[in-house]
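The structure appears right after this line, and notes come after that.
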Number of protein chains: 2
Amino acid sequence: MKASVTMIEPNGHLCSDCAVRGIAVCASLDPSELREFEHLGRRVHFGAGETVFSEEDITTSFYNLLEGVMRLYKLLPDGRRQIVGFALPGDFLGMNTSGRHNFSADAIGAVTVCQFAKAPFGRFMEDRPHLLKRINELAIRELSQARDHMVLLGRRSADEKVATFLLAWRERLFALKGSSNTVPLPMSRQDIADYLGLTIETVSRTFTKLERHGAIEIIHGGISLRDPARVEALAAA
Amino acid sequence: MKASVTMIEPNGHLCSDCAVRGIAVCASLDPSELREFEHLGRRVHFGAGETVFSEEDITTSFYNLLEGVMRLYKLLPDGRRQIVGFALPGDFLGMNTSGRHNFSADAIGAVTVCQFAKAPFGRFMEDRPHLLKRINELAIRELSQARDHMVLLGRRSADEKVATFLLAWRERLFALKGSSNTVPLPMSRQDIADYLGLTIETVSRTFTKLERHGAIEIIHGGISLRDPARVEALAAA
DNA sequence: AAAGCCGATTGACCCAGATCAAATTTGACG
DNA sequence: CGTCAAATTTGATCTGGGTCAATCGGCTTT
């Protein structure tokens, strides 16, 4: 959105001390492969609101998210937006069978990605089935999440959607940063609404309601779970 | 649902003249591999309404759908159901990372599957990266469809949902049986409702409305597209 | 061919969440 | 600080689609 500077770091970073080494696609590579892999990717920074790639763009690169949060979304011709997911460090983006991206991806706040040109990456993967296997695992895991989200979108009430979202988001952050009842929400209310298939007003009202009932506290840049059990009960219903 | 007889054919079928040879996972195998592959799968029949596997079941097999249509769904504790997809011949079912199925699968009408025990299949795939690659492609394609469906569930109106469904279903059948304005709908109105995140009444009313407007004709076991352009216009909106 | 059943359709009414419209809070910048 | 502009919250009202309740076929069974 905002015109901000996209930076490409000129120097070579070391995969071996990359923050996502253990959780991203590269977890499947041994040290010697990693050294070769290092030459394929380059770190790129994006500022808040910048678009990393757009739906229908021809796929020229894949991306490994290193730092920050991204929103992945699709737009209808009339502008309605559905966010199909939020990406966190370790997520691998850009795979498709059509040669074109099937969703758009924006940085929410500052983001660092490891960018791979499609062809060299494909060649590298060609004779490294364990990398393919890793990518397949990530795809299958995502598919499972996508199905869970379909249930949420198709069959849950607004209260259940919001409660489920807070718990699932906390769970994802837990895997990265450890457990906490403080749940940072780097995305806007509009983003949350477009993820849950609601309007911004309904999201806001639901937060307020949860706070009035003592289930959460709305804090700067996120929420705090005051009564996790109550939120869980709402989400389960 | 209904207690009907599940049949396992005792004799060996030939993969080489299998109906889905060219479109399923096995499309990635050469003739000699195919002969070996033949010993891994066995054909199993299911009657209308029978459950092939259930969510949370430990995954012991993978399935290659050969004939018929299946509904893939998830249930909420209180019984609300979301159908996450319909499977057609050529679809490969059962992959997951957790060791348990993450959705349930029922036969809609009579179904024939090619069933593979998980471990031998995994071993066979181990040293056949092209099979893994094929499975990965199918997973990524499904992921793309899942994202499209999220947009439908989260952001489309009832009219748009129904119109989009009819066109997408016709498109899938087209790939199997060729083009036609007659669209068979083997699934019930309840199934369609649970797929689109609507109620059965809304689906029924929307069909009737489309028919009154001359866009479709409701026929036994499906619909006929009378004015495909109008349906497309509704779906696009 | 009458009875029973089950899926589908239709009608009447209702409500969760959308829409429209202000406030109010927050943040960025001079 | 003070000033905008943007994001969020809050309130009032509206409505698309849900809920509840009859029918209405089309099969099967006898």
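Order of the sequence lines fixes the chain letters, A, B, ..., with proteins taken first and strands second; residue numbering starts at 1 for each chain.
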Could you tell me which residues satisfy side-chain contact (heavy atoms from CB on, under 4.5 Å) with B:Arg100, sequence neighbours excluded, listed by chain and number?
-> B:Ile58, B:Ser98
Without hydrogens or angle criteria, can the side chains of [X] and [Y] be said to hold a donor-acceptor pair below 3.5 Å?
X        : Y        : answer
A:Thr199 : A:Thr202 : yes
B:Asn96  : A:Arg141 : no
B:Tyr73  : B:Asp106 : yes

Check whether any side-chain heavy atom of [X] lies under 4.5 Å from a side-chain heavy atom of [Y], and answer yes or no.
X        : Y        : answer
A:Val44  : A:Thr112 : no
A:Val183 : A:Leu185 : yes
A:Leu75  : A:Arg80  : no

DNA chain D: 5'-most and 3'-most nucleotides touching chain B, 4.0 angstrom heavy-atom criterion = D:dG17 to D:dC27
Tabulate protein N/O versus nucleotide N/O from nucleotides 6-9 of chain C, keeping only pairs under 3.5 Å, one per line.
unit_1 : atom_1 : unit_2   : atom_2 : d
C:dA8  : OP1    : B:Arg189 : N      : 3.4
C:dA8  : OP2    : B:Arg189 : N      : 3.2
C:dT9  : OP1    : B:Arg189 : NH2    : 3.2
C:dT9  : OP2    : B:Arg189 : NE     : 2.8
C:dT9  : OP2    : B:Ser204 : OG     : 2.9
C:dT9  : O5'    : B:Ser204 : OG     : 3.0

Whichever of A:Thr202 and A:Arg155 has its nearest DNA chain D nucleotide further upstream toward 5' | A:Thr202
Who are the salt bridge (Lys or Arg N to Asp or Glu O under 4.0 Å) partners of A:Arg155, not counting sequence neighbours?
-> B:Asp194
What class does the angle between the rings of A:Trp169 and A:Phe86 fall in, given that below 30° is parallel, 30 to 60° is tilted and above 60° is perpendicular?
-> perpendicular
Assign A:Gly197 to base, sugar-phosphate, or nothing according to its heavy-atom contacts below 4.0 angstrom with the strands shown.
-> sugar-phosphate
Could you give the side-chain donor-acceptor pairs of residues 225-237 of chain B under 3.5 Å, partners two or more places apart or in another chain?
unit_1   : atom_1 : unit_2   : atom_2 : d
B:Arg226 : NE     : B:Glu217 : OE1    : 3.0
B:Arg226 : NH2    : B:Glu217 : OE1    : 3.0
B:Asp227 : OD1    : B:Arg230 : N      : 3.2
B:Asp227 : OD2    : B:Arg230 : NE     : 3.4
B:Arg230 : NH1    : B:His213 : O      : 3.0

Compute the bend angle of the helix from C:dA1-D:dT30 to C:dG30-D:dC1 from the end axes (five pairs per end), rounded to 10°.
-> 50°
